[in-house]
Amino acid sequence: LAAAGARLARPLEVRKLAAGDDLRGLHALFAGGRSLAAWASKARDEPILIVGDDDDGLAMGAALNFVVIDQRLRFEASRAAFDRARLKASAHLLALATRVVEPR
């Protein structure tokens, strides 16, 4: 996303999905709580960035997972999930993560 007042080069569309919806055309998918596992399974091997916010988000298949540490919002990352989605995480992004899980 762009900084406040900046214009996006491409339009941003936010959609609320139902269980049977098609994922084609999505670039990123946020699935909160326990719905994360089902959405990550459905999007498995698709080039979609899966973002979650569950304590076990990375284990459920998220590439990025929001966590609260010392009352601050942080994120952790899974290289395996990035690889599975054929996405590349920059070294700078991974350096900002509180935890990076490497592929086995």
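All values below come from the heavy atoms of this structure, side chains included, with hydrogens, waters and symmetry mates left out.
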query = Checking side-chain contact (heavy atoms from CB on, under 4.5 Å) against F75, which of L96, T98, D53 comes through?
reply = L96

query = What is the minimum heavy-atom distance between L49 and A63, and which atoms define it?
reply = CD1-CB, 3.7 Å

key: 4.5 Å side-chain heavy-atom contact, L26 and R15   = yes

query = Take atom CZ in R72; do more than 12 heavy atoms of anything else shown fall under 6.0 Å from it?
reply = no

ask   = Mind checking whether L17 and L23 have side chains closer than 4.5 Å, heavy atoms only?
value = yes

request  = Could you tell me whether the side chain of D22 and the main chain of R24 form a donor-acceptor pair under 3.5 Å?
outcome  = yes

query = Transitively linked via ILVMFWY side-chain contacts under 4.5 Å: L58 with L64?
reply = no

task = Ignoring hydrogens and angles, tell me if any N or O in the side chain of N65 forms a donor-acceptor pair with the backbone of D54 under 3.5 Å.
result = yes

inquiry  = Let me check something: do F66 and V100 share a hydrophobic cluster, defined by ILVMFWY side-chain heavy atoms less than 4.5 Å apart, either directly or through other members?
reply    = no

query = Would one find more than 12 heavy atoms of other residues, nucleotides or ligands at under 6.0 Å from atom CG of D55?
reply = no

ask   = When clusters are formed by joining ILVMFWY residues with side-chain heavy atoms under 4.5 Å apart, either directly or through shared neighbours, do V51 and L73 land in the same one?
value = yes

ask   = Are any side-chain N or O atoms of S35 and backbone N or O atoms of G32, one a donor and one an acceptor, separated by less than 3.5 Å?
value = yes

note = Between A40 and M60 the two heavy atoms that sit nearest each other are CB-O, 3.3 Å

task = State yes or no: do I48 and W39 share one hydrophobic cluster built from I, L, V, M, F, W and Y residues joined by side-chain heavy-atom distances below 4.5 Å, directly or via other members?
result = yes

inquiry  = Side-chain heavy atoms nearer than 4.5 Å, only ILVMFWY residues, links allowed to pass through others: does that put L87 and I50 together?
reply    = no

request  = Any chance you could measure R79, atom CZ, to R84, atom CZ, to the nearest 0.5 Å?
outcome  = 14.5 Å

note = Minimal heavy-atom distance between A81 and A62, with the atoms involved, is CB-O, 3.5 Å

key: For the student: nearest non-hydrogen atoms of R86 and P47, plus distance   = NH2-CD, 3.2 Å

